[in-house]
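To start, the structure itself, in structure tokens.
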Number of protein chains: 2
Amino acid sequence: MEQTINDTLREHNLRSTGCREEVLQTFLARATALSHGDLEGDLKDRFDRVTIYRTLKTFLEKGIIHKVLDDEGARYALCREHCTEDDHHHDHVHFKCNECGQTNCLENLHVPAVQLPTGYRAQETNLLIQGLCADCAKSLDGRARAF
Amino acid sequence: MEQTINDTLREHNLRSTGCREEVLQTFLARATALSHGDLEGDLKDRFDRVTIYRTLKTFLEKGIIHKVLDDEGARYALCREHCTEDDHHHDHVHFKCNECGQTNCLENLHVPAVQLPTGYRAQETNLLIQGLCADCAKSLDGRARAF
DNA sequence: AATAATAATGCAACAGCGTTGCAAATGACA
DNA sequence: TGTCATTTGCAACGCTGTTGCATTATTATT
Ligand SMILES: [Mn+2]
Ligand SMILES: [Mn+2]
Ligand SMILES: [Zn+2]
Ligand SMILES: [Zn+2]
């Protein structure tokens with residue numbers, strides 16, 4: 001695992017540093033879209049917030065993470081498919097649970113194509129669906145039945 | 001027109017004030033999604049920026065405008081369909097032009113339904129397509145042909 | 001293992017966005 | 001015209017994200 005992280009950094013032509021290792025580690029461990037604040041919560045005693053900002057920017061540029069559309073602030077998630085500096089492809093759906101607040105990539109759910117008006121050209125699409133994730137829907141149902 | 005604006009405010013149980021009239025006027029005139037900064041640009045010598053923020057918040061709550069999800073910041077657009085305090089419905093596509101920067105509602109382009117994983121429940125969807133609007137695509141083509 | 005070249009970090013300072021509390025001004029309505 | 005609830009401007013604040021610069025760490029080379 002330690003090795004995987006440094007391999008990933010090396011593959012993207014990035015030096016191995018404490019902050020980069022831990023940010024990447026956090027993304028792998030939490031497996032959900034994270035904001036800068038989430039990361040700062042975990043890492044602020046070890047690294048300066050500016051360094052975390054710069055790490056996110058670097059990871060974005062190198063194709064290690066992608067930006068996730070959100071109604072309140074910027075979030076980022078690991079790129080599973082193989083993205084590079086030039087070639088990003090993230091045409092999957094993102095889901096945000098209004099109950100637990102988690103935002104996740106639905107990697108195998110493709111954004112459906114839409115027929116744009118004449119002359120328009122699409123370059124990138126972002127579909128965010130908000131609602132209840134399976135876990136929260138279930139526990140809310142349980143709570144409702146109790147009454 | 002003057003009358004239309006005050007009618008709209010009245011219909012939503014809002015007092016007619018200079019700031020509200022001019023913000024609504026600006027939305028009608030520009031016919032595109034606006035950020036707080038856009039409005040401030042037009043109105044800052046007449047109204048305090050806090051008042052503009054509060055006007056946006058009020059219009060949002062009353063269903064006069066809706067929030068448009070954007071990759072860089074908050075934008076707002078007029079509700080065309082009849083929204084109220086309780087009942088918002090904005091399942092149309094939003095398009096942002098990467099050339100001219102304008103974000104627009106494609107009112108008659110419905111967000112297609114997607115089949116979520118078992119247990120998930122959708123409550124709201126936001127589809128943002130980025131690319132080139134018809135005007136910009138055309139003028140870029142013209143420029144390319146000139147070489 | 002020591003060195004040199006390059007890149008990353010921490011710190012301080014800053015700009016922009018959005019919110020809040022409060023006193024003064026204004027709009028609605030009788 | 002007067003009353004009362006609402007809205008406004010102002011000052012202050014917190015949060016997010018950026019920049020410049022001196023210091024430190026990583027990497028490649030010897
Ligand atoms: Mn994703
Ligand atoms: Mn819209
Ligand atoms: Zn949930
Ligand atoms: Zn355009």
Side-chain angles (χ1 to χ4, degrees), chain A residues 2-3 5-26 33-62 64-76 85 101 103, chain B residues 2-3 5-26 33-62 64-76 85 101 103:
Chain A
E2 251 298 291
Q3 205 43 51
I5 287 176
N6 284 323
D7 286 351
T8 304
L9 293 174
R10 180 87 38 89
E11 279 163 27
H12 289 87
N13 296 309
L14 291 175
R15 292 186 179 184
S16 286
T17 67
C19 186
R20 287 174 179 169
E21 287 166 6
E22 293 208 33
V23 167
L24 192 42
Q25 168 61 46
T26 306
L34 300 176
S35 66
H36 173 271
D38 294 330
L39 291 161
E40 201 182 330
D42 282 19
L43 311 175
K44 73 157 156 286
D45 26 328
R46 260 156 301 163
F47 307 101
D48 192 83
R49 22 174 249 115
V50 176
T51 306
I52 300 175
Y53 275 116
R54 290 198 262 231
T55 300
L56 285 172
K57 191 184 247 185
T58 303
F59 282 8
L60 259 186
E61 287 165 0
K62 296 293 184 176
I64 297 176
I65 59 177
H66 62 282
K67 209 170 186 172
V68 177
L69 206 63
D70 192 285
D71 57 334
E72 29 198 5
R75 294 188 169 272
Y76 307 89
E85 197 143 356
T103 302
Chain B
E2 251 300 291
Q3 204 44 52
I5 287 176
N6 285 323
D7 286 351
T8 305
L9 292 174
R10 180 90 36 91
E11 279 164 25
H12 290 87
N13 297 309
L14 291 175
R15 292 188 177 180
S16 286
T17 67
C19 186
R20 287 172 181 170
E21 285 165 7
E22 293 209 34
V23 167
L24 192 41
Q25 168 62 44
T26 306
L34 300 176
S35 65
H36 173 271
D38 294 331
L39 292 161
E40 201 182 330
D42 283 20
L43 311 175
K44 74 156 155 285
D45 25 328
R46 260 157 301 164
F47 307 102
D48 192 85
R49 26 175 245 111
V50 176
T51 306
I52 299 174
Y53 275 115
R54 290 197 264 229
T55 300
L56 286 173
K57 191 184 246 182
T58 304
F59 282 9
L60 259 187
E61 286 165 1
K62 296 293 184 175
I64 296 177
I65 59 177
H66 62 281
K67 206 171 189 172
V68 177
L69 241 51
D70 192 315
D71 57 333
E72 27 198 6
R75 295 188 169 271
Y76 306 89
E85 198 143 357
T103 302

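Just so we're on the same page: letters track the sequence lines, and every chain starts at 1. Values reported hereafter were calculated over all heavy atoms of this structure, with side chains retained and with hydrogens, waters and symmetry mates removed.
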In the structure I gave you, are the side-chain heavy atoms of [X] and [Y] within less than 4.5 Å of one another anywhere?
X	Y	answer
A/Ile64	A/Leu14	yes
A/Ile5	A/Gln25	yes
B/Leu24	B/Arg20	no

Aromatic contact, A/Tyr76 with A/His66 (centres under 6.0 Å):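 Between A/His66 and A/Tyr76, which both carry aromatic rings, the centre distance is not below 6.0 Å.
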Per-nucleotide protein contact string for nucleotides 24-30 of chain D, where B marks a base within reach and S marks sugar-phosphate only (heavy atoms under 4.0 Å, - for neither): -BBS---
Sequence-aligned protein contact record of nucleotides 14-22 of chain D, with B where the base is within under 4.0 Å of a protein heavy atom and S where only the sugar-phosphate is: --SBBBB--
Five-pair end axes of the helix from C/dA1-D/dT30 to C/dA30-D/dT1, angle between them (10°):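 Axis-to-axis angle, ends of the helix: 30°.
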Backbone of B/Phe47 reached by a side-chain donor or acceptor of B/Thr51 within 3.5 Å: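 No, B/Thr51 side chain to B/Phe47 backbone: no donor-acceptor pair under 3.5 Å.
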Sequence-distant partners of A/Asp38, salt bridge (charged side-chain N to carboxylate O under 4.0 Å, His left out), two or more places apart: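 In terms of salt bridge (charged side-chain N to carboxylate O under 4.0 Å, His left out), with neighbours along the sequence ignored, A/Asp38 is linked to A/Arg75.
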B/Asp71: partners by salt bridge (charged side-chain N to carboxylate O under 4.0 Å, His left out), with sequence neighbours left out: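 Salt bridge (charged side-chain N to carboxylate O under 4.0 Å, His left out) list for B/Asp71, sorted by chain: B/Lys96.
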Whole angstrom value for the distance that separates C1' of D/dA12 from CG of B/Asp48: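 That distance rounds to 13 Å.
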Among A/Glu40, A/Glu22, A/Glu21, the one residue meeting salt bridge (Lys or Arg N to Asp or Glu O under 4.0 Å) with A/Arg46: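 Exactly one pass, corresponding to A/Glu22.
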Heavy-atom pair with the smallest gap, counting every atom of A/Asp70 and B/Leu69: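 Smallest heavy-atom distance, with atoms named: O-CG, 4.0 Å.
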DNA chain C: 5'-most and 3'-most nucleotides touching chain B, 4.0 angstrom heavy-atom criterion: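 Answer, 5' to 3': C/dC17 to C/dA28.
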